[in-house]
Undergrad: 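Shown below is the structure under consideration.
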Amino acid sequence: AVTTMSEVGVMLLLFVLGMEFSLGELKHLRRYAFVAGTAQVFITMAAAGAAAHWLLGLDAALSVVVAVACAISSTAISVKLYNDMGVTASSGARLALGVAIFQDIFIIVFLVLMPALLPGGGEGAMGTMLAATLAKGVAFVAIAIVLARFVIPRLLHAVAATRSRELFTLTVVGLCVGVAFLAALMDLSLVLGAFVAGLAVSECIYKHRILSDIAPLKDLFLTVFFVSVGLSIDLAAAVTEWQLILAVATGLIIGKSLLIGILARLMGLSWRAASFAAIGLGSAGEFSLVLLAKTSELATWPAGTSQALLAAMALSMAAVPVFMRFAK
(Lines give C-alpha, C1' and ligand atoms only; values in the text may rest on other atoms or scores of the structure.)
Protein backbone atom coordinates (compact mmCIF):
# COMPACT_ATOMS: atom_id res chain seq x y z
CA ALA A 1 0.00 0.00 0.00
CA VAL A 2 2.87 2.38 0.84
CA THR A 3 4.57 1.57 -2.47
CA THR A 4 1.36 2.31 -4.35
CA MET A 5 1.05 5.66 -2.59
CA SER A 6 4.68 6.42 -3.40
CA GLU A 7 3.85 6.19 -7.12
CA VAL A 8 1.66 9.26 -6.60
CA GLY A 9 4.66 11.13 -5.21
CA VAL A 10 6.72 10.28 -8.28
CA MET A 11 3.88 11.40 -10.57
CA LEU A 12 3.46 14.70 -8.72
CA LEU A 13 7.22 15.28 -8.84
CA LEU A 14 7.23 14.78 -12.61
CA PHE A 15 4.13 16.96 -12.95
CA VAL A 16 5.92 19.80 -11.13
CA LEU A 17 9.09 19.26 -13.18
CA GLY A 18 6.99 19.48 -16.33
CA MET A 19 5.40 22.72 -15.15
CA GLU A 20 8.76 24.24 -14.21
CA PHE A 21 10.39 23.09 -17.44
CA SER A 22 10.86 26.14 -19.62
CA LEU A 23 12.26 26.31 -23.12
CA GLY A 24 13.34 29.86 -22.31
CA GLU A 25 15.23 28.64 -19.24
CA LEU A 26 16.74 25.81 -21.27
CA LYS A 27 17.88 28.34 -23.86
CA HIS A 28 19.84 30.23 -21.19
CA LEU A 29 21.26 27.02 -19.72
CA ARG A 30 21.78 25.16 -22.99
CA ARG A 31 25.59 25.26 -22.69
CA TYR A 32 25.47 23.73 -19.22
CA ALA A 33 22.67 21.29 -20.12
CA PHE A 34 23.88 19.95 -23.44
CA VAL A 35 27.66 20.19 -22.97
CA ALA A 36 28.25 19.49 -19.27
CA GLY A 37 25.04 17.42 -18.94
CA THR A 38 25.79 15.19 -21.93
CA ALA A 39 29.40 14.68 -20.85
CA GLN A 40 28.46 13.91 -17.25
CA VAL A 41 25.71 11.42 -18.12
CA PHE A 42 27.61 9.42 -20.73
CA ILE A 43 31.00 9.40 -18.96
CA THR A 44 29.29 8.26 -15.74
CA MET A 45 27.35 5.62 -17.67
CA ALA A 46 30.51 4.29 -19.31
CA ALA A 47 32.37 3.99 -16.00
CA ALA A 48 29.42 2.61 -14.00
CA GLY A 49 28.38 0.20 -16.75
CA ALA A 50 31.90 -1.20 -17.04
CA ALA A 51 32.13 -1.61 -13.25
CA ALA A 52 28.72 -3.31 -13.09
CA HIS A 53 29.66 -5.76 -15.84
CA TRP A 54 33.24 -6.60 -14.84
CA LEU A 55 33.10 -6.25 -11.06
CA LEU A 56 29.50 -7.27 -10.26
CA GLY A 57 29.16 -9.76 -13.11
CA LEU A 58 25.89 -8.33 -14.47
CA ASP A 59 24.77 -8.97 -18.03
CA ALA A 60 24.67 -6.20 -20.63
CA ALA A 61 21.03 -5.17 -20.03
CA LEU A 62 21.35 -4.91 -16.25
CA SER A 63 24.71 -3.14 -16.61
CA VAL A 64 22.98 -0.47 -18.72
CA VAL A 65 20.30 -0.07 -16.04
CA VAL A 66 22.95 0.36 -13.32
CA ALA A 67 24.84 2.79 -15.53
CA VAL A 68 21.78 4.99 -16.04
CA ALA A 69 20.85 4.80 -12.34
CA CYS A 70 24.33 6.01 -11.37
CA ALA A 71 24.27 8.83 -13.93
CA ILE A 72 21.09 10.41 -12.52
CA SER A 73 21.20 12.82 -9.56
CA SER A 74 18.50 14.04 -7.18
CA THR A 75 16.93 17.21 -8.56
CA ALA A 76 14.64 17.53 -5.53
CA ILE A 77 17.50 17.38 -3.00
CA SER A 78 19.90 19.67 -4.88
CA VAL A 79 17.32 22.35 -5.69
CA LYS A 80 16.05 22.40 -2.10
CA LEU A 81 19.60 22.67 -0.73
CA TYR A 82 20.44 25.56 -3.06
CA ASN A 83 17.20 27.32 -2.08
CA ASP A 84 17.86 26.84 1.64
CA MET A 85 21.40 28.21 1.25
CA GLY A 86 20.27 31.16 -0.87
CA VAL A 87 22.67 30.39 -3.73
CA THR A 88 20.19 29.57 -6.50
CA ALA A 89 21.51 32.43 -8.63
CA SER A 90 25.15 31.36 -8.30
CA SER A 91 27.01 29.92 -11.28
CA GLY A 92 27.43 26.59 -9.49
CA ALA A 93 23.71 26.23 -8.87
CA ARG A 94 22.96 27.30 -12.46
CA LEU A 95 25.29 24.63 -13.83
CA ALA A 96 23.74 22.04 -11.53
CA LEU A 97 20.28 23.06 -12.76
CA GLY A 98 21.34 22.77 -16.40
CA VAL A 99 22.83 19.31 -15.84
CA ALA A 100 19.73 18.26 -13.85
CA ILE A 101 17.44 19.35 -16.71
CA PHE A 102 19.38 17.14 -19.13
CA GLN A 103 19.29 14.24 -16.65
CA ASP A 104 15.52 14.59 -16.24
CA ILE A 105 14.93 14.55 -20.00
CA PHE A 106 17.25 11.58 -20.39
CA ILE A 107 15.71 9.46 -17.63
CA ILE A 108 12.15 10.13 -18.82
CA VAL A 109 13.03 8.89 -22.30
CA PHE A 110 14.87 5.89 -20.86
CA LEU A 111 11.96 4.90 -18.58
CA VAL A 112 9.62 5.01 -21.56
CA LEU A 113 11.90 2.81 -23.68
CA MET A 114 13.04 0.50 -20.85
CA PRO A 115 10.34 -2.20 -21.32
CA ALA A 116 11.50 -2.51 -24.93
CA LEU A 117 15.15 -2.70 -23.86
CA LEU A 118 14.51 -5.59 -21.47
CA PRO A 119 12.19 -7.85 -23.51
CA GLY A 120 11.92 -11.60 -23.40
CA GLY A 121 12.29 -11.83 -27.17
CA GLY A 122 15.25 -11.46 -29.44
CA GLU A 123 16.68 -8.48 -31.26
CA GLY A 124 13.89 -8.45 -33.82
CA ALA A 125 11.29 -8.30 -31.07
CA MET A 126 13.26 -5.51 -29.39
CA GLY A 127 13.33 -3.47 -32.59
CA THR A 128 9.60 -3.91 -33.08
CA MET A 129 8.87 -2.91 -29.49
CA LEU A 130 11.08 0.17 -29.76
CA ALA A 131 9.33 1.28 -32.95
CA ALA A 132 5.89 0.67 -31.41
CA THR A 133 6.85 2.54 -28.22
CA LEU A 134 8.15 5.54 -30.18
CA ALA A 135 4.98 5.60 -32.32
CA LYS A 136 2.78 5.51 -29.20
CA GLY A 137 4.89 8.23 -27.62
CA VAL A 138 4.43 10.52 -30.64
CA ALA A 139 0.67 9.86 -30.65
CA PHE A 140 0.43 10.56 -26.92
CA VAL A 141 2.31 13.84 -27.21
CA ALA A 142 0.02 14.86 -30.09
CA ILE A 143 -3.03 14.17 -27.91
CA ALA A 144 -1.46 16.14 -25.08
CA ILE A 145 -0.85 19.13 -27.37
CA VAL A 146 -4.53 19.15 -28.33
CA LEU A 147 -5.54 18.97 -24.66
CA ALA A 148 -3.12 21.76 -23.74
CA ARG A 149 -4.32 24.00 -26.54
CA PHE A 150 -8.10 23.53 -26.46
CA VAL A 151 -9.29 21.63 -23.37
CA ILE A 152 -7.18 22.23 -20.25
CA PRO A 153 -7.18 26.10 -20.29
CA ARG A 154 -10.98 26.21 -20.65
CA LEU A 155 -11.43 23.61 -17.91
CA LEU A 156 -9.16 25.45 -15.47
CA HIS A 157 -10.82 28.78 -16.27
CA ALA A 158 -14.26 27.29 -15.58
CA VAL A 159 -13.09 25.75 -12.28
CA ALA A 160 -11.36 28.98 -11.22
CA ALA A 161 -14.60 30.86 -11.84
CA THR A 162 -16.25 28.82 -9.05
CA ARG A 163 -13.76 30.42 -6.58
CA SER A 164 -13.44 27.06 -4.83
CA ARG A 165 -9.81 26.42 -3.84
CA GLU A 166 -10.55 22.79 -2.98
CA LEU A 167 -12.19 22.12 -6.35
CA PHE A 168 -9.29 23.78 -8.17
CA THR A 169 -6.70 21.64 -6.34
CA LEU A 170 -8.74 18.50 -6.95
CA THR A 171 -9.03 19.33 -10.65
CA VAL A 172 -5.27 19.84 -11.00
CA VAL A 173 -4.49 16.54 -9.27
CA GLY A 174 -7.13 14.88 -11.44
CA LEU A 175 -5.48 16.26 -14.58
CA CYS A 176 -2.09 14.96 -13.49
CA VAL A 177 -3.36 11.48 -12.65
CA GLY A 178 -5.73 11.39 -15.64
CA VAL A 179 -3.09 12.21 -18.25
CA ALA A 180 -0.66 9.80 -16.58
CA PHE A 181 -3.35 7.09 -16.68
CA LEU A 182 -3.91 7.84 -20.38
CA ALA A 183 -0.22 7.19 -20.96
CA ALA A 184 -0.51 3.91 -19.04
CA LEU A 185 -3.47 2.86 -21.23
CA MET A 186 -1.21 3.36 -24.25
CA ASP A 187 1.44 1.11 -22.61
CA LEU A 188 3.65 4.10 -21.91
CA SER A 189 5.20 5.15 -18.63
CA LEU A 190 3.23 6.94 -15.91
CA VAL A 191 6.32 9.12 -15.59
CA LEU A 192 5.96 10.33 -19.17
CA GLY A 193 2.26 10.98 -18.65
CA ALA A 194 2.77 13.07 -15.53
CA PHE A 195 5.62 15.06 -17.12
CA VAL A 196 3.58 15.79 -20.25
CA ALA A 197 0.62 16.79 -18.05
CA GLY A 198 2.88 19.33 -16.37
CA LEU A 199 4.02 20.63 -19.75
CA ALA A 200 0.39 20.89 -20.84
CA VAL A 201 -0.49 23.34 -18.05
CA SER A 202 2.90 25.09 -17.85
CA GLU A 203 1.87 27.97 -20.12
CA CYS A 204 -1.53 28.69 -18.60
CA ILE A 205 -2.17 31.79 -16.49
CA TYR A 206 -2.83 29.67 -13.39
CA LYS A 207 0.69 28.16 -13.34
CA HIS A 208 1.86 29.79 -10.09
CA ARG A 209 -1.41 29.03 -8.33
CA ILE A 210 -1.14 25.39 -9.38
CA LEU A 211 2.44 25.17 -8.14
CA SER A 212 1.49 26.62 -4.74
CA ASP A 213 -1.39 24.14 -4.41
CA ILE A 214 0.55 21.10 -5.58
CA ALA A 215 3.81 21.68 -3.67
CA PRO A 216 2.53 20.46 -0.25
CA LEU A 217 0.99 17.35 -1.82
CA LYS A 218 4.18 16.64 -3.76
CA ASP A 219 6.29 16.95 -0.60
CA LEU A 220 3.92 14.71 1.35
CA PHE A 221 3.85 11.92 -1.21
CA LEU A 222 7.59 12.19 -1.90
CA THR A 223 8.08 11.58 1.82
CA VAL A 224 5.96 8.46 1.42
CA PHE A 225 8.15 7.50 -1.55
CA PHE A 226 11.31 7.66 0.56
CA VAL A 227 9.55 5.71 3.32
CA SER A 228 8.72 3.02 0.75
CA VAL A 229 12.38 2.92 -0.28
CA GLY A 230 13.40 2.40 3.33
CA LEU A 231 10.81 -0.33 3.77
CA SER A 232 12.02 -2.13 0.64
CA ILE A 233 15.58 -2.45 2.00
CA ASP A 234 16.18 -5.79 3.71
CA LEU A 235 18.37 -4.92 6.70
CA ALA A 236 19.67 -8.47 7.01
CA ALA A 237 20.78 -8.43 3.37
CA ALA A 238 22.25 -4.93 3.82
CA VAL A 239 24.34 -6.08 6.77
CA THR A 240 25.56 -9.06 4.76
CA GLU A 241 26.50 -6.86 1.78
CA TRP A 242 27.78 -3.87 3.77
CA GLN A 243 31.14 -3.85 2.01
CA LEU A 244 29.54 -3.72 -1.43
CA ILE A 245 27.08 -1.03 -0.29
CA LEU A 246 29.84 1.13 1.14
CA ALA A 247 32.03 0.64 -1.94
CA VAL A 248 29.24 1.55 -4.39
CA ALA A 249 28.11 4.59 -2.38
CA THR A 250 31.67 5.87 -1.92
CA GLY A 251 32.62 5.29 -5.55
CA LEU A 252 29.42 6.97 -6.73
CA ILE A 253 29.84 10.08 -4.57
CA ILE A 254 33.56 10.54 -5.20
CA GLY A 255 33.43 9.65 -8.89
CA LYS A 256 30.47 11.85 -9.80
CA SER A 257 31.63 14.75 -7.66
CA LEU A 258 35.08 14.73 -9.22
CA LEU A 259 33.67 14.46 -12.73
CA ILE A 260 31.15 17.28 -12.26
CA GLY A 261 33.78 19.42 -10.54
CA ILE A 262 36.19 18.96 -13.44
CA LEU A 263 33.48 19.72 -16.00
CA ALA A 264 32.48 22.83 -14.05
CA ARG A 265 36.08 24.05 -14.05
CA LEU A 266 36.33 23.40 -17.79
CA MET A 267 33.17 25.50 -18.21
CA GLY A 268 34.97 28.40 -16.52
CA LEU A 269 33.50 28.22 -13.00
CA SER A 270 35.51 29.03 -9.89
CA TRP A 271 36.60 26.28 -7.51
CA ARG A 272 33.91 27.28 -4.99
CA ALA A 273 31.13 27.29 -7.60
CA ALA A 274 32.40 24.00 -9.01
CA SER A 275 32.33 22.43 -5.54
CA PHE A 276 28.70 23.52 -5.02
CA ALA A 277 27.68 21.93 -8.32
CA ALA A 278 29.73 18.78 -7.69
CA ILE A 279 28.39 18.10 -4.20
CA GLY A 280 24.79 18.90 -5.15
CA LEU A 281 24.83 16.39 -8.01
CA GLY A 282 27.26 13.87 -6.51
CA SER A 283 24.70 11.21 -5.62
CA ALA A 284 22.04 9.00 -7.13
CA GLY A 285 18.50 10.35 -7.48
CA GLU A 286 14.85 9.52 -6.94
CA PHE A 287 14.61 8.08 -10.42
CA SER A 288 17.63 5.88 -9.79
CA LEU A 289 15.53 4.16 -7.12
CA VAL A 290 12.47 4.09 -9.38
CA LEU A 291 14.59 2.60 -12.18
CA LEU A 292 15.90 -0.22 -9.97
CA ALA A 293 12.37 -1.02 -8.78
CA LYS A 294 10.95 -1.06 -12.32
CA THR A 295 13.80 -3.26 -13.52
CA SER A 296 12.97 -5.84 -10.85
CA GLU A 297 9.57 -6.22 -12.55
CA LEU A 298 11.15 -6.93 -15.94
CA ALA A 299 14.35 -8.84 -15.14
CA THR A 300 15.94 -10.96 -12.41
CA TRP A 301 18.84 -9.55 -10.42
CA PRO A 302 21.60 -11.78 -9.00
CA ALA A 303 21.05 -12.59 -5.33
CA GLY A 304 21.62 -9.59 -3.10
CA THR A 305 22.69 -7.22 -5.88
CA SER A 306 19.42 -5.30 -6.12
CA GLN A 307 19.27 -4.75 -2.36
CA ALA A 308 22.90 -3.62 -2.22
CA LEU A 309 22.47 -1.15 -5.10
CA LEU A 310 19.24 0.23 -3.62
CA ALA A 311 20.84 0.75 -0.20
CA ALA A 312 24.01 2.28 -1.69
CA MET A 313 22.11 4.80 -3.79
CA ALA A 314 19.85 5.74 -0.89
CA LEU A 315 22.96 6.21 1.28
CA SER A 316 24.56 8.48 -1.34
CA MET A 317 21.45 10.68 -1.37
CA ALA A 318 21.44 10.93 2.42
CA ALA A 319 25.09 12.04 2.38
CA VAL A 320 24.58 15.05 0.08
CA PRO A 321 23.06 17.44 2.70
CA VAL A 322 25.84 16.53 5.13
CA PHE A 323 28.60 17.30 2.63
CA MET A 324 26.86 20.49 1.50
CA ARG A 325 27.03 21.88 5.05
CA PHE A 326 30.82 21.52 4.97
CA ALA A 327 30.98 23.19 1.56
CA LYS A 328 29.02 26.14 2.90
Side-chain angles (χ1 to χ4, degrees), residues 13-14 16-51 67-110 195 199 202 248-288 313 316-328:
L13 174 62
L14 262 295
V16 171
L17 288 177
M19 288 196 63
E20 293 179 339
F21 183 80
S22 168
L23 291 177
E25 185 77 6
L26 183 60
K27 182 179 179 181
H28 293 300
L29 298 174
R30 64 185 182 276
R31 182 164 168 262
Y32 292 153
F34 294 113
V35 178
T38 302
Q40 180 270 314
V41 167
F42 287 101
I43 292 174
T44 304
M45 284 182 60
V68 174
C70 290
I72 303 303
S73 305
S74 175
T75 304
I77 291 176
S78 59
V79 170
K80 177 171 174 49
L81 286 173
Y82 293 138
N83 284 333
D84 292 345
M85 296 172 64
V87 296
T88 53
S90 68
S91 57
R94 299 286 289 173
L95 182 137
L97 178 60
V99 173
I101 288 174
F102 182 84
Q103 289 179 352
D104 291 337
I105 296 172
F106 181 82
I107 189 61
I108 288 167
V109 174
F110 186 81
F195 183 75
L199 287 176
S202 63
V248 172
T250 303
L252 182 62
I253 294 171
I254 294 176
K256 283 183 74 173
S257 296
L258 284 175
L259 174 60
I260 294 169
I262 292 171
L263 291 172
R265 287 291 293 161
L266 292 175
M267 301 291 286
L269 273 65
S270 66
W271 281 110
R272 180 173 174 79
S275 67
F276 273 124
I279 295 173
L281 297 177
S283 70
E286 299 85 7
F287 293 111
S288 304
M313 292 185 181
S316 73
M317 294 170 66
V320 170
V322 178
F323 292 140
M324 190 65 80
R325 288 176 186 169
F326 288 106
K328 184 178 180 181

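Computed over heavy atoms, backbone and side chain alike; hydrogens, waters and symmetry mates excluded.
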Undergrad: Could you grab the distance from atom OG of S288 to atom CG of L252, nearest 0.5 Å is fine?
TA: 7.5 Å
Undergrad: Is there a donor-acceptor pair under 3.5 Å between the side chain of T38 and the backbone N or O of V35?
TA: no
Undergrad: Quick check against the 3.5 Å criterion: does Y82 have a side-chain atom that pairs as donor or acceptor with the backbone of F276?
TA: yes
Undergrad: Measuring from I253:CD1 to L281:CG, what's the distance to the nearest 0.5 Å?
TA: 13.0 Å
Undergrad: Which distance, rounded to the nearest 0.5 Å, do you find between the CD1 of I260 and the CE of M267?
TA: 12.5 Å
Undergrad: How long is the straight-line distance from CD1 of I77 back to CE of M317, given to the nearest 0.5 Å?
TA: 4.0 Å
Undergrad: Are F287 and F106 an aromatic pair, judged by ring center distance below 6.0 Å?
TA: no
Undergrad: State, to 0.1 Å, how close G18 and L199 come at their nearest heavy-atom pair, and which atoms those are.
TA: O-CD2, 3.4 Å
Undergrad: Show the numbers, then the answer: is there a side chain to side chain contact (heavy atoms under 4.5 Å, CB included) between Y32 and L263?
TA: CA-CA 10 Å; Y32 292 153; L263 291 172; over 6 Å; no
Undergrad: Got V320 and S78 here, is their nearest side-chain heavy-atom distance under 4.5 Å?
TA: no
Undergrad: Any side-chain heavy atom of Q40 within less than 4.5 Å of one from F102?
TA: no
Undergrad: Compare every heavy atom of C70 with every heavy atom of T44, then report the nearest pair and how far apart it is.
TA: CG2-O, 3.7 Å
Undergrad: Using 0.5 Å steps for rounding, measure from the CG atom of L13 to the CG atom of D104.
TA: 8.0 Å
Undergrad: How close do A277 and G92 get, counting heavy atoms only, and between which atoms?
TA: CB-O, 3.4 Å
Undergrad: Tell me, with the steps shown, if Q103 and I107 meet side chain to side chain contact (heavy atoms under 4.5 Å, CB included).
TA: CA-CA 6 Å; Q103 289 179 352; I107 189 61; 5.9 Å; no
Undergrad: Quick check for you: to the nearest 0.5 Å, what is the distance between L95 atom CG and L269 atom CG?
TA: 5.5 Å
Undergrad: Do you know the tightest heavy-atom contact between S91 and A273?
TA: OG-CB, 3.3 Å
Undergrad: Test your reading of the model: is there a side-chain donor-acceptor pair from S316 to the backbone of A284, 3.5 Å cut-off?
TA: yes
Undergrad: Minimum heavy-atom separation for G282 to S257, with atom names?
TA: CA-OG, 3.6 Å
Undergrad: Check whether any side-chain heavy atom of F323 lies under 4.5 Å from a side-chain heavy atom of L81, and answer yes or no.
TA: no
Undergrad: Shortest non-hydrogen contact from P321 to A318?
TA: CD-O, 3.4 Å
Undergrad: Between S73 and K256, does any side-chain donor sit less than 3.5 Å from a side-chain acceptor?
TA: yes
Undergrad: Do I108 and L14 touch side chain to side chain, with heavy atoms closer than 4.5 Å?
TA: yes
